[in-house]
Amino acid sequence: MPTRQPARIKARRTPGDLLAGLGALVVLVALIAGVPYALFRLAGPPLPPELLDLDLLTSQVGTSTIVAILVLLVWLAWLQLVVCVLVEIYAGLRRVGMPARVPLSGGTQMFANRLVSAAMLLFTVSAVALPVAKLTSLPPAAPGIVSTGLSATSGPAADERAELEPVQKAKKVYVVQPPHGRHHESLWEIAEKCLGDGRRYPEIYRLNQHKEQPDGSRLHMADLIRPGWVLDMPADARNIHLVPASQPRDDTLKDHRDKPVELDGRTQTFTPGRADLPAEPAPEVADPRDSAGDRAGDRAGDRAGDRAGDRAGSGGTRETGPGQARHDTTERPSQTVPDSGRQDPGQVERRDPAAVAEPPGSGQDAGQEAGLGMLDYLAGASLAAAGLLAALGRRRRQQLWHRAFGHRITRPRDDAAQAELALRLGADAPGSRMLDVGLRLLGRSLAAQNRVPPTIYAAHLSPQTLDLWIHPPDPDAPAPWTAHDGGQVWRLPAHEGRMLDERALADAPAPYPGLVSLGSNGEGRVLVDLEAAHGPIGINGPQATAALAALAVELATNRWSDRMRVTLVGFGEELTVIASDRIRYVGGLAEILPELEAAAGGRAHGGEVLTGRIHGRAADPACTPHYLLSAIAPTPEEGRRLALLARKGVRTAAGYVIAGDVPHATWNWTITEEGRAEIDALGFDVAAQLLPRRQYRALVDLFLATERLDGEPLPDEPEPVTHTPSVEVRVLGPAEVVGPPPMEEGRAVIAVEMAVYLATHPGGVHPVVLGGILWPRGVQPVVRDATIARVVAWLGTDSQGRPNLYADESGRLRFGPEVRTDWMLFRDLVRRSHANPAGRPALLERALSLVRGPLLNGRPRGRYAWLAADDLEYNVTAGVADAAHRLCEVRLARGETDQAVAAVRAGLLLAADDEGLWRDLLRATHLTADPVRLRAVVDALHRRAASHPYGGGMAPETEALIDELLPSWRMRSAPTA
């Protein structure tokens with residue numbers, strides 16, 4: 001279907017352009033050549049003898065020395081101008097897009113940009129340097145189309161077309177560019193690039209809110225934009241595309257959906273939300289000698305600003321999560337696509353359902369939005385995500401207590417699995433730790449000095465610092481905290497926070513449990529203290545309930561509080577499954593107000609609350625916090641009673657956040673339809689932390705899955721392993737690929753992860769799906785394909801000369817028969833042990849010898865998030881534990897107690913949380929008749945349970961077994977430092 005194009009204007013130079021270019025050229029020659037000539041003639045060289053005299057530092061400074069310094073500064077200014085001119089000329093001639101940013105040269109580079117742009121009009125109408133900005137370049141304009149002042153050179157094809165009348169009125173649009181590595185564009189950066197000031201991003205947001213985008217979604221939150229979106233821009237924007245003012249938005253989206261981009265001399269069309277379909281056959285991805293793939297890799301790795309990488313009109317392929325690729329439902333002519341792994345499986349399936357099978361793990365269109373939706377909200381709630389993962393880990397430990405032989409624990413499915421993936425991607429465990437440990441250290445330091453802790457109204461947590469906004473201002477902040485802004489802000493640098501000893505502060509009380517995330521301001525998380533309001537907080541807006549749900553989840557799972565109660569009124573009954581010890585639900589305010597009023601009489605207030613906490617009285621009911629979150633607006637009488645609970649504006653160990661109009665509310669908190677959070681009293685306006693209905697349901701389902709204790713049967717036994725491997729991918733411990741030559745460290749991480757995923761999914765994976773798995777936040781197709789080509793070349797060929805990694809007839813990437821994993825060999829050895837009772841011990845020992853540590857131990861933070869929605873982690877843990885248990889039983893039946901102990905310890909290297917193995921170890925060690933050895937095992941188990949990052953203690957069955965084997969353990973065992 002043809003798309004409507006903007007009007008084309010014939011490229012030409014006006015007399016004014018020629019005059020301006022001639023003048024600019026004269027000025028450039030005068031500045032570049034005339035200035036140094038004049039300086040040499042009148043002032044001498046840049047470093048005169050006066051400045052080379054070492055006595056200058058101790059002698060009296062005279063007039064000649066001052067003149068020499070001023071001359072040197074002029075020389076430096078001239079040198080800075082020369083560098084700016086060279087950068088602008090390079091950008092204009094090579095058409096790399098945005099010129100490189102010269103440090104400390106804002107105004108100078110802008111001046112050079114204008115001079116060079118005008119001068120180049122003398123030679124060509126298309127080599128105009130783009131105005132300076134911080135982000136990556138725009139793609140070259142399509143022939144005959146005007147785009148941002150880049151006049152395209154008219155070609156023969158353009159001359160044959162009938163020319164349209166010039167557009168008298170135009171509007172400006174910007175296409176969100178694809179990510180480069182882990183960098184994604186934000187509205188702030190786009191405003192800084194196109195409007196010159198990042199603080200103007202609300203203008204862009206207001207112009208585009210709720211407008212449909214090429215992928216069918218809409219802009220609801222200012223910090224959630226996607227590559228390929230077409231944004232309307234203010235009238236003064238630069239570095240944008242021009243379209244006719246009268247053009248309907250649907251036509252604008254179609255026009256920018258298929259922007260042609262030059263790549264290695266070929267024209268390719270990239271469409272947001274779908275795989276790239278080359279206009280001509282692409283090289284076979286399975287060929288390790290593919291020079292085009294090598295060139296693409298060089299561009300992707302070293303030339304992020306090159307035309308091949310800059311796809312403002314496309315955004316590349318935005319993946320929705322593991323096993324899911326977003327399909328484009330727009331009808332297009334059928335195209336012939338080679339077996340290069342570039343076709344979209346969804347497109348092929350619609351043209352010919354028999355052409356390609358469903359990618360592993362991919363769902364229908366309704367399920368393919370799951371990953372992206374989870375990322376939008378759950379991954380953005382970084383502190384809440386860290387707390388939820390810790391709570392989930394505790395529940396998984398309890399599941400393992402009940403795991404039966406031959407079964408794995410129940411894993412989440414669909415949206416619940418995508419929710420866990422989003423939590424793993426977004427969780428800020430270091431930030432959560434810094435907030436927790438930093439506040440505990442602050443409380444301990446103030447307690448040691450017998451000082452009353454200040455009131456913290458809000459906090460800002462960024463990768464660089466933790467800032468606390470306190471009242472009253474106090475310039476005397478205890479080290480390592482430092483005071484700023486006259487004592488209004490206490491700051492803990494991140495490097496100081498990372499060095500704090502968490503174990504030394506384990507018994508320090510949490511002084512500010514009411515801190516909870518309000519949202520993000522683009523630089524970090526903004527938190528407010530519910531207790532600091534000294535009264536009810538009214539929350540209004542169409543997304544008030546989603547904000548209340550997010551508050552509840554973070555309060556119930558955060559690590560910077562010791563004990564608390566959270567009462568949910570009129571919503572969130574299902575959230576009790578997440579933290580039943582903290583959350584409770586009531587149907588209305590009338591049910592809870594009498595209890596609150598009865599407790600308020602004995603509740604501490606003012607400085608007593610904070611002082612009591614830092615001195616270790618957190619267990620005192622007067623200091624134990626209680627937070628009320630209500631989705632039901634109060635009646636006038638209930639509002640009056642809530643206001644009285646606040647003790648006339650003084651601090652209590654309580655917080656009340658009530659939806660609707662609340663009489664006498666201390667703070668009014670507004671959640672706009674666009675997802676902004678505004679608190680009038682504090683002057684905050686940030687992107688709100690929300691938990692909409694779908695994400696809410698996914699979280700509940702995720703935790704409900706942990707309540708299923710019956711488990712799931714392990715999959716059937718695998719096919720025999722018959723080939724001698726040329727490549728072995730090891731996952732039973734640190735991830736390793738044995739066989740190929742070493743790869744440079746910067747690229748090895750993603751290459752090994754790709755090899756691990758492909759090796760553990762022998763059915764094959766389509767490149768589009770693989771891109772969504774390895775880069776769940778999105779990736780440029782050129783980067784994805786270059787990485788695949790690099791891994792193909794790295795893995796080489798097998799003994800028959802066949803590529804170890806190739807694309808099959810359906811376009812799926814597969815490993816050849818001479819690639820295996822240690823997990824495949826492990827399962828094959830276990831299978832063979834079942835059929836050979838006589839050789840069972842040797843086979844099982846050989847299988848357990850493959851275990852080198854926890855699954856994929858030491859994986860980088862943020863990588864391998866796909867494990868959350870995959871069977872691998874669950875199968876491996878259960879399979880290794882079962883093999884160790886079976887070998888232990890065989891050895892004990894033969895009276896070989898030492899070998900039984902060794903078998904269990906081999907299994908515990910990977911399945912350390914499986915307490916069935918710990919009980920096997922206790923029984924086997926007891927049978928050695930060595931009480932000292934048994935005592936060591938009990939002490940080690942006790943210490944591990946007490947210091948486990950997820951907590952939870954030991955299973956009741958384990959404690960009962962210890963009581964039977966070593967009755968005195970409770971008196972003698974204690975955690976050691």
Side-chain angles (χ1 to χ4, degrees), residues 188 198-199 383 431-432 434-497 500 508-535 537 558 560-561 605-611 613-614 625 646 649-653 655 665-670 676-689:
W188 179 284
R199 291 172 294 184
L383 296 177
S432 179
M434 180 175 170
L435 185 60
D436 174 36
V437 179
L439 292 176
R440 293 180 189 273
L441 175 64
L442 178 63
R444 173 172 286 182
S445 301
L446 294 174
Q449 300 173 18
N450 289 318
R451 295 169 59 183
V452 176
T455 294
I456 295 178
Y457 283 102
H460 182 262
L461 178 66
S462 72
Q464 294 78 35
T465 61
L466 169 60
D467 289 349
L468 305 178
W469 298 332
I470 69 170
H471 181 80
D474 187 351
D476 184 18
W481 293 83
T482 56
H484 298 265
D485 296 340
Q488 296 183 86
V489 174
W490 283 3
R491 176 169 297 164
L492 178 64
H495 68 274
E496 294 282 357
L500 297 179
Y512 299 100
L515 278 171
V516 66
S517 294
L518 176 68
S520 170
N521 68 346
E523 299 177 357
R525 309 296 298 171
V526 176
L527 300 93
V528 294
D529 190 350
L530 301 183
E531 296 180 11
H534 301 171
I537 301 172
N558 73 56
W560 54 90
S561 60
H605 60 86
E608 298 177 16
V609 174
L610 295 175
T611 303
R613 285 178 183 157
I614 67 172
V650 298
R651 186 187 190 104
T652 62
T666 307
W667 295 346
N668 286 305
W669 187 340
T670 302
R676 305 293 297 177
E678 304 168 356
I679 297 184
D680 52 358
L682 301 180
F684 286 142
D685 182 359
V686 299
Q689 179 168 294

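Basis for what follows: all heavy atoms, side chains included, without hydrogens, waters or symmetry-related copies. Throughout, residue positions are numbered sequentially from 1 according to the sequence presented.
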Minimum side-chain heavy-atom gap Leu518-Ile679 below 4.5 Å: yes

Here the salt bridge (charged side-chain N to carboxylate O under 4.0 Å, His left out) pairs for residues 447-464, sequence neighbours left out, are Arg451-Asp474, Arg451-Asp476

Residue pair Val528 / Leu682, side-chain heavy-atom distance below 4.5 Å: yes

Should Phe684 and Trp469 be marked as a ring-ring contact (aromatic ring centres under 6.0 Å, His included) after you check the CA-CA gap, both sets of side-chain angles, and the distance that decides it? CA-CA 13 Å; Phe684 286 142; Trp469 298 332; 5.3 Å; yes

For residues Asn521 and His460, determine if any side-chain heavy atom of one lies less than 4.5 Å from a side-chain heavy atom of the other. yes

Nearest 0.5 Å, what's the CG-CG distance between Leu515 and Leu435? 6.5 Å

CD (Glu523) and OG (Ser462) are apart, to the nearest 0.5 Å, by 7.5 Å

Is there a side-chain contact between Asp529 and Thr455 in this structure, where contact means two heavy atoms from C-beta onward sitting under 4.5 Å apart? no

Any side-chain heavy atom of Gln689 within less than 4.5 Å of one from Ser520? no

Is there side-chain contact between Pro453 and Tyr512, with heavy atoms separated by less than 4.5 Å? yes

Tightest non-hydrogen contact, residues Trp669 and Ile537, listed as CE3-CG2, 3.7 Å

What do the steps show when you test Tyr457 against Ile470 for side chain to side chain contact (heavy atoms under 4.5 Å, CB included), and what is the final call? CA-CA 6 Å; Tyr457 283 102; Ile470 69 170; over 6 Å; no

Stepwise side chain to side chain contact (heavy atoms under 4.5 Å, CB included) check, Leu461 with Leu383: CA-CA 10 Å; Leu461 178 66; Leu383 296 177; 3.7 Å; yes

Working for side chain to side chain contact (heavy atoms under 4.5 Å, CB included), residues Leu468 and Val489: CA-CA 5 Å; Leu468 305 178; Val489 174; over 6 Å; no

Leu442 vs Trp490, test: side chain to side chain contact (heavy atoms under 4.5 Å, CB included). Steps then yes/no. CA-CA 10 Å; Leu442 178 63; Trp490 283 3; 3.7 Å; yes

Pro480 versus Leu492, closest heavy-atom pair with distance: CG-CD1, 3.7 Å

Work out which heavy atom in Met434 is nearest to a heavy atom in Thr465; give both atom names and the distance. CE-C, 4.0 Å

Side-chain touch Leu446/Pro478, heavy atoms, less than 4.5 angstrom: yes

Does Ser432 reach the side chain of Asn558, with side-chain heavy atoms less than 4.5 Å apart? no

Worked verdict on Thr482 versus His484 for side chain to side chain donor-acceptor pair (under 3.5 Å): CA-CA 7 Å; Thr482 56; His484 298 265; 2.9 Å; yes

Looking only at heavy atoms, which two atoms of Arg676 and Asp685 are closest? And how far apart? NH2-O, 3.0 Å

Please find the pair of heavy atoms, one from Pro513 and one from Ser561, that lie closest to each other, and give the distance. CB-CB, 3.3 Å

Please list all pairs meeting salt bridge (charged side-chain N to carboxylate O under 4.0 Å, His left out) that have one or both residues in residues 453-470, counting only residues at least two apart or in different chains. Asp467-Arg491

Looking at Ala510 and Arg440, what are the two nearest heavy atoms and their distance? N-NH1, 3.4 Å

